[in-house]
Amino acid sequence: MSNVLITGANSGFGLLTARRFAEAGHTVHAGFRSKDRAGDLDALALELPEIHPVRLDVTDQALIDGAIAEARKAGPIDVLVNNAGFELACPVDSLSDEALSRQFDTNVLGVVRMVRAVAPEMRDRKQGAIVNLSSVVGWLTAPYTAAYAASKHAVESLSEGLWFELAPFGVRVAVVEPGAFPTNFGANVVTAPGFNESSPHWPNAQRFGAALQSMIQASHAGADPQEVADLVFEAATTTMPKFRYLAGADARALIPAYRSQEFELFRDAMLSRLGLTDWDART
């Protein structure tokens, strides 16, 4: 059985992934950043003794080192799941250096810090698996959350490079790309200071958000976030691994469509689907 370390495991996909590995008999070190938001994880750990909550903030090297040391008490780390992340809402022309840095510090540098902490040992042992949570927006980008999309684009590129770098050492790397699922992730979106009714972007953001939410609600029909946890588990354990795992009907439809056509064609199709064909004021 494997020794698994998961970041951002106190809720959503991370919590479900912790359960999936634990129910299969693996030892799971489930990272949480804030104790006051770890209630569900603590309850799950009582149910499944294979789960061991550990304090872990991917922006804090001391906490990373502590979590790694704690996990290694159970043996070498066999599987790393990089799940921690958040979404920032802000127009690009209003992004402060501080807000953008915070977005990348968690979603991108956090991944690199964790990889840096476990990959050398995996290389030496010539075994191990690293699974990075990306997103449908690792390929395509919606307005007002471009910083988040950019961070997931970066995760995609880093993961591709990492695959080539670690494959000669027998270490697998994979990305899981979820679309929209009914989790609490959206409730935790951070709106940048100053992005409010006083912003000239605000009316358009409200209009686009309402149209997008209608499409997301439609995609939620029958969507089960357990699919993401199952794909993470498959990516880490299957004897025939892939690099990319698309999760959700919307991801399976949108990502191939985006990759197969020019931006203008995809853009126009999406605006039409959203009922926003008048979006471009130049036409």
* Ionic contact status for Glu47 with Arg19, cut-off 4.0 Å -> yes
* Where Ala30 and Ala18 come nearest, the two heavy atoms and their spacing -> CB-CB, 4.4 Å
* Identify, with sequence neighbours excluded, every residue that meets ring pair (Phe, Tyr, Trp, His ring centres under 6.0 Å) alongside Phe13. => Phe181
* Asked: What orientation do Tyr144 and Trp279 show, parallel under 30°, tilted 30 to 60°, or perpendicular over 60°?
  -> perpendicular
* So does Arg113 pair up with Asp65, basic N to acidic O under 4.0 Å? -> no
* **Gap between atom CZ of Phe263 and atom CG of Asp268 - 0.5 Å precision** => 8.5 Å
* **Under-4.0 Å salt bridge between Arg244 and Glu156** => yes
* Electrostatic pair Arg20-Glu234, nearest N-O below 4.0 angstrom -> no
* Under the ring pair (Phe, Tyr, Trp, His ring centres under 6.0 Å) test, residues paired with Trp139 that sit two or more places apart -> none
* Do the charged groups of Arg207 and Asp278 touch, with an N to O distance under 4.0 Å? -> yes
* **Interatomic distance, Leu88 atom CG to Phe195 atom CZ [nearest 0.5 angstrom]** => 9.5 Å
* Asked: Among Arg125, Arg72, Arg172, which residue meets the salt bridge (Lys or Arg N to Asp or Glu O under 4.0 Å) test with Asp78?
  -> Arg125
* Structure fact -> Apart from Ile130 itself, its cluster of hydrophobic side chains linked below 4.5 Å comprises Leu5, Val54, Leu56, Val58, Ile64, Ile68, Ile77, Leu80, Val111, Met114, Val115, Val118, Met122, Val155, Leu162, Trp163, Phe164, Leu166, Phe169, Val171, Val173, Val175, Phe243
* **Note: Glu177-Arg259 ion pair, threshold 4.0 Å (strictly below)** => no
